[in-house]
**Student:** 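Here's a structure for you.
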Amino acid sequence: MKRFAPFVLAFALVFAAADTAEAQTQPLRLGLTAGAVTSSVGGDYYSVGDWKWGFMAGAFGQYHIARQTYIGLEANYVPKGGKRVGFSQGSTQDLNLEYIELPLTIGYVNRFSGWESNLYIGVAFAFQISCKVVPTGTSNSTDCDDAPLLPSKKTTEWSIPFGFGFAKDMGGSLLGLDVRYALGLSDIFENSNVRNRSWQFTAKWAVPIGS
């Protein structure tokens, strides 16, 4: 339980910062996101891999429960995995994973002079749609189910996303940038203690619904 203490504290701080005195309905926002993700894996039984880059995209909604506090739900395509992961003695392979990820977040917003910044944390559930390994330096891709020396893959993943962003009011819409770290909580393979970790850098565009 100690490993989750910082995240529990972060949630508590975000809730404490909520402007509960704001009673009027805040607008719902809907938007699109796209950008780059760099990911790697780590664990006790396999050597840590190098970071690899990929493209991610998705859509999101935010409901403002108070003037400075919102609940967000997203649906993103996110590639993960890593390069040069040591699955066996003396050899490495690239691990290419693809997920549809559903983050649920709570965030705190600060507005100033047509701009706004936000800080958030949450929990994400993901469905794996692809799992392939490629021997380092080759192009011979193999499905994880058919690769030797690998335990059974897990087709779902839990993670904790947390990050910050800022956006500019464009007069009817908002355009911004977001930086996020996603810490994997569940194993990629059965009983392996090998987990994803990723940095996500995205551009976001949103429009308010309602007033």
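Since the structure is predicted, the reported quantities are computational estimates derived from the model, not experimental observations. Numbering of residues begins at 1 and proceeds along the displayed sequence.
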**Student:** What are the two closest heavy atoms between P161 and P103, and how far apart are they?
**Tutor:** CG-CB, 4.3 Å
**Student:** Here's a test for you: under side-chain contact (heavy atoms from CB on, under 4.5 Å), which of N140, T142, L97 qualifies with V133?
**Tutor:** T142
**Student:** Using the six-membered ring wherever Trp is involved, compare the ring planes of F201 and W199 and label them parallel, tilted or perpendicular (cut-offs 30° and 60°).
**Tutor:** parallel
**Student:** Look at the side-chain heavy atoms of Ile, Leu, Val, Met, Phe, Trp and Tyr, link any pair under 4.5 Å apart, and say whether V194 and Y99 land in one connected group.
**Tutor:** yes
**Student:** Would you sort out whether L185 and I160 count as a side chain to side chain contact (heavy atoms under 4.5 Å, CB included), showing the intermediate values?
**Tutor:** CA-CA 7 Å; L185 296 180; I160 292 181; 3.6 Å; yes
**Student:** Just so I know, are the side chains of P27 and I209 near enough to count as touching, which here means a heavy-atom distance under 4.5 Å?
**Tutor:** no
**Student:** For K80, run the side-chain contact (heavy atoms from CB on, under 4.5 Å) check against E101, R195, Q128, M56 and tell me which one passes.
**Tutor:** E101
**Student:** Counting C-beta onward and ignoring hydrogens, is there a side-chain heavy-atom pair between I188 and V41 closer than 4.5 Å?
**Tutor:** yes
**Student:** Which atoms form the tightest heavy-atom contact between S39 and S198, and what is the distance?
**Tutor:** CB-CB, 3.8 Å
**Student:** Consider only side-chain N and O atoms of N196 and E157, and report whether a donor and an acceptor are under 3.5 Å apart.
**Tutor:** yes
**Student:** Could you tell me whether the side chain of N76 reaches within less than 4.5 Å of the side chain of T33, counting heavy atoms only?
**Tutor:** yes
**Student:** With a 3.5 Å distance limit and no angle check, can you tell me whether S173 reaches the backbone of M170 through a side-chain donor-acceptor pair?
**Tutor:** no
**Student:** Kindly compute the distance separating CG (D145) from OG1 (T155), expressed to the nearest 0.5 Å.
**Tutor:** 10.0 Å
**Student:** Measure the shortest side-chain to side-chain distance between V207 and W205 over non-hydrogen atoms and say whether it is less than 4.5 angstrom.
**Tutor:** yes
**Student:** T156 and F127: which non-hydrogen atoms are nearest, and at how many Å?
**Tutor:** CG2-CD2, 4.4 Å
**Student:** Please determine whether side chain to side chain contact (heavy atoms under 4.5 Å, CB included) holds for the pair D178 and T202, giving the CA-CA distance in whole Å, both sets of side-chain angles, and the decisive distance to 0.1 Å.
**Tutor:** CA-CA 5 Å; D178 186 273; T202 56; 3.5 Å; yes
**Student:** Restricting to non-hydrogen atoms, name the atom on L174 and the atom on D169 that form the minimum distance, rounded to 0.1 Å.
**Tutor:** CG-CA, 4.3 Å
**Student:** Side chains of H64 and T69: does their closest heavy-atom pair fall under 4.5 Å?
**Tutor:** no
**Student:** Do the side chains of D94 and K83 get close enough for a salt bridge, i.e. N-O under 4.0 angstrom?
**Tutor:** no
**Student:** Answer with yes or no whether the hydrophobic clustering places W53 together with W51; edges join I, L, V, M, F, W, Y residues whose side-chain heavy atoms lie under 4.5 Å apart.
**Tutor:** yes
**Student:** Show the nearest heavy-atom pair for residues C131 and L95, with the distance to one decimal.
**Tutor:** SG-CD1, 4.4 Å
**Student:** Do L28 and L73 sit in the same hydrophobic cluster, where Ile, Leu, Val, Met, Phe, Trp and Tyr count as joined when their side-chain heavy atoms come under 4.5 Å apart?
**Tutor:** yes
**Student:** Determine, step by step, whether Q200 and V179 satisfy the side chain to side chain contact (heavy atoms under 4.5 Å, CB included) criterion, reporting the C-alpha distance in whole Å, the side-chain angles of both residues, the deciding distance to 0.1 Å, and the verdict.
**Tutor:** CA-CA 6 Å; Q200 301 171 11; V179 178; over 6 Å; no
**Student:** List the steps and the verdict of side chain to side chain contact (heavy atoms under 4.5 Å, CB included) for F125 and L104.
**Tutor:** CA-CA 8 Å; F125 180 72; L104 177 65; over 6 Å; no
**Student:** Hey, mind stepping through R180 and Y120 against side chain to side chain donor-acceptor pair (under 3.5 Å) and telling me if it holds?
**Tutor:** CA-CA 9 Å; R180 170 182 302 177; Y120 63 88; 2.9 Å; yes
**Student:** Can you find a pair of side-chain heavy atoms, one from L32 and one from F60, that are under 4.5 Å apart?
**Tutor:** no
**Student:** Would you check, one step at a time, whether the test salt bridge (charged side-chain N to carboxylate O under 4.0 Å, His left out) holds for E116 with R67?
**Tutor:** CA-CA 12 Å; E116 67 177 44; R67 183 175 182 274; over 6 Å; no
**Student:** Using the benzene-type ring in the case of Trp, are the ring centres of F164 and F166 under 6.0 Å apart?
**Tutor:** no
**Student:** Answer yes or no: is there a donor N or O on one side and an acceptor on the other, between the side chain of T105 and the main chain of I121, under 3.5 Å?
**Tutor:** no
**Student:** Please determine, by modelled atom types, if Y181 and R197 share a side-chain donor-acceptor pair under 3.5 angstrom.
**Tutor:** no
**Student:** Between N96 and V134, which heavy-atom pair has the shortest distance, and what is it?
**Tutor:** ND2-CG2, 3.7 Å
**Student:** Would you say N118 and Y70 are linked by a side-chain donor-acceptor pair, where the criterion is simply a distance under 3.5 Å?
**Tutor:** yes
**Student:** Honestly, is K154 close enough over F189, meaning NZ or CZ under 6.0 Å from the six-membered ring centre and within 45° of the axis?
**Tutor:** no
